[in-house]
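For reference, the structure discussed in these notes is given below.
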There are 2 protein chains.
Amino acid sequence: MFNAFLLRLMHASELGDQEIQAVEELCRQPRDVGAKKYLSRDGDEMHSFPIILSGWAARYQILRNGARQITRLLLPGDAFYFDCSPDGIAIEEVITLSPCKIVNIAHADMRRLIDRFPAIGEAMRSYGGMENAVLASWVVNVGRRDALERMAHLICETHYRLSLVDAHQSQQIFFPLTQDDLADVLGLTPVHINRKLQQLRQEGLISLRSKQLTIHDLRTLQQIAGFDPSYLAPRVQTVRERERLRVIAA
Amino acid sequence: MFNAFLLRLMHASELGDQEIQAVEELCRQPRDVGAKKYLSRDGDEMHSFPIILSGWAARYQILRNGARQITRLLLPGDAFYFDCSPDGIAIEEVITLSPCKIVNIAHADMRRLIDRFPAIGEAMRSYGGMENAVLASWVVNVGRRDALERMAHLICETHYRLSLVDAHQSQQIFFPLTQDDLADVLGLTPVHINRKLQQLRQEGLISLRSKQLTIHDLRTLQQIAGFDPSYLAPRVQTVRERERLRVIAA
DNA sequence: CGCAAAAACAAACCTTTGTTATTGCCAGAA
DNA sequence: TTCTGGCAATAACAAAGGTTTGTTTTTGCG
């Protein structure tokens, strides 16, 4: 089984054997964490940053009125808090949505590694850029799409992100979000999520039961969402290449 | 007059004299750009990335139906596309909102600089982390706050960000956003922006005329928005320090 | 100065989404 | 087995914000 985090970095930047080995060294001995466990609470001091080698987690904020907004979905291979000032404090919480394999990397270790291998620093910066792009796409999603479009977009995006770290990714996805979670990702209420989920089902586009999501018609979902994967694609270099992506996405 | 970009980096990470000089070297000979000029169009190839030394710009996406969502407000000292893969292509557009001073930095130059001064790489990564934090706060803003709260939050955030690069920042701000622009930042319609702007004025919290924004009651705005500046604060290291920030923000 | 274009303001009416409440189902604990 | 709690489904009603349209101010410019 492949190291999902390493895969991410390799998408982000060209790495040599030495660098690959050094990164794998860092990920020895992950620990297992159950579902619904906090990986970080507000105010925690972060001397190290976590990497999710497998499983799903969510990073979110809680407002005074108790409302929750999930700001990132953390999928296999994702790291978080790597770009905080070392020794800063956490200002968002992170909770696992499924059992996870996690490894923690001390900021100091990563810094040493980057001093030795600048390409890894480049890869981390580039990985950060991708996280950035996903966040921007969420702003667009919540700001300018209606409920159905938002759901369709989230499904397309998640499916695509998973396919980047799992070559065998099928149309059948492990999808541990409850309707409450979905609501907090998309800036809607659980009731409305339910309504629109029904609609997607009735139109034959997806099935979703007991954390198993099946995509029956990705093409139409992309159509509804106006999904364009280029913001997620590692190193898209030309307009032509992007056109190709748009076409073969389905 | 101080180099706003350098200031940002110095907030993000400790820089020595050599590093400071090297960054200033990069920013020689900025060019002047008028308002409403494109700094990047969809599909542009980015061999270099721009830094805004003065003035405002907006980075946005356009959906198929013509709707626009601004994903970042670029203020003095901000850089963009620095975290793309070098030689990647732009997938969002950037337009100036006021006359700007801009300098372009070749990715290759920056890379060389970072190889020589790892602290600058660290600073760029950390700066990227702050952009990330702002994006997440926008997701929360658009996802979970109502119109009035969103406006209040944007005002607080912008005021705070400006104060980081201008020590003399007063309650009187140059604020070049039109109501249409505000709508596209906050995920609302211009009409509704107008309604809520009226409300803020009537309650005596702000004045806004001909691009001059005056904040009469920051305290109450922060109250309405639930604004907590710690996500913007350079290197907040302890919970105690954050408490202090929350209190003195006004 | 005077004009055209852009921006701001206003009101009526409509749509999407939120609120509240109730019910049923299923998996895991006792 | 029965109980419990989390999750999903559904309905009736309320509210926030969108749409459309038109008027009035500002602003920039010849």
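Proteins get letters first, then strands, A, B, ... in listed order; numbering begins at 1 in each.
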Contact class for [X] vs. all strands (heavy atom < 4.0 Å): base, sugar-phosphate, or nothing?
{"X": "B/Arg201", "answer": "sugar-phosphate"}
{"X": "B/Lys211", "answer": "nothing"}
{"X": "A/Leu197", "answer": "nothing"}
{"X": "A/Ser210", "answer": "nothing"}

Could you tell me whether A/Arg72 and A/Asp78 have a side-chain N and a carboxylate O separated by less than 4.0 Å? no
Between [X] and [Y], is any pair of side-chain heavy atoms under 4.5 Å apart?
{"X": "B/Gln69", "Y": "B/Tyr60", "value": "no"}
{"X": "A/Asp184", "Y": "B/Arg144", "value": "yes"}
{"X": "A/Glu92", "Y": "A/Ser40", "value": "no"}
{"X": "B/Phe80", "Y": "B/Arg59", "value": "yes"}

When you check the phosphate oxygens OP1 and OP2 of [N], does a side-chain N or O of [X] lie under 4.0 Å from one of them?
{"X": "A/Thr189", "N": "C/dT19", "result": "no"}
{"X": "B/Arg144", "N": "C/dT17", "result": "no"}
{"X": "A/Asn194", "N": "D/dA9", "result": "yes"}
{"X": "A/Arg195", "N": "D/dA12", "result": "no"}

Quickly work out the [X] [atom1] to [N] [atom2] distance and round it to whole Å.
{"X": "B/Ile193", "N": "C/dA10", "atom1": "CD1", "atom2": "P", "result": "16 Å"}
{"X": "A/Gln199", "N": "D/dT10", "atom1": "CD", "atom2": "P", "result": "13 Å"}
{"X": "B/His192", "N": "C/dA8", "atom1": "NE2", "atom2": "P", "result": "17 Å"}
{"X": "A/Met151", "N": "C/dT16", "atom1": "CE", "atom2": "P", "result": "17 Å"}
{"X": "A/Leu177", "N": "D/dG6", "atom1": "CG", "atom2": "C1'", "result": "16 Å"}
{"X": "B/Lys196", "N": "C/dA8", "atom1": "NZ", "atom2": "P", "result": "18 Å"}
{"X": "B/Leu208", "N": "D/dT27", "atom1": "CG", "atom2": "P", "result": "11 Å"}
{"X": "A/Leu213", "N": "D/dA8", "atom1": "CG", "atom2": "C1'", "result": "16 Å"}

With a 3.5 Å distance limit and no angle check, can you tell me whether A/Asp181 reaches the backbone of A/Thr178 through a side-chain donor-acceptor pair? yes
Are B/Asn104 and B/Arg31 close enough, and set up right, to give a side chain to side chain donor-acceptor pair (under 3.5 Å), and what steps lead you there? CA-CA 9 Å; B/Asn104 267 66; B/Arg31 65 184 201 278; 2.8 Å; yes
Residue whose closest nucleotide on DNA chain C lies nearer the 5' end, B/Lys36 versus A/Gly187: B/Lys36
So how far is it from A/Tyr231 OH to A/Leu135 CG, rounded to the nearest 0.5 Å? 11.0 Å
Kindly point out which of C/dT17, D/dG17, C/dA10 is positioned nearest to the side chain of B/Gln198? C/dA10
Note: for A/Val191 and A/Thr178 on DNA chain D, the residue whose nearest nucleotide lies more 5' is A/Thr178
The helix from C/dC1-D/dG30 to C/dA30-D/dT1: angle between terminal helix axes, five bp per end, to the nearest 10 degrees, reads 50°
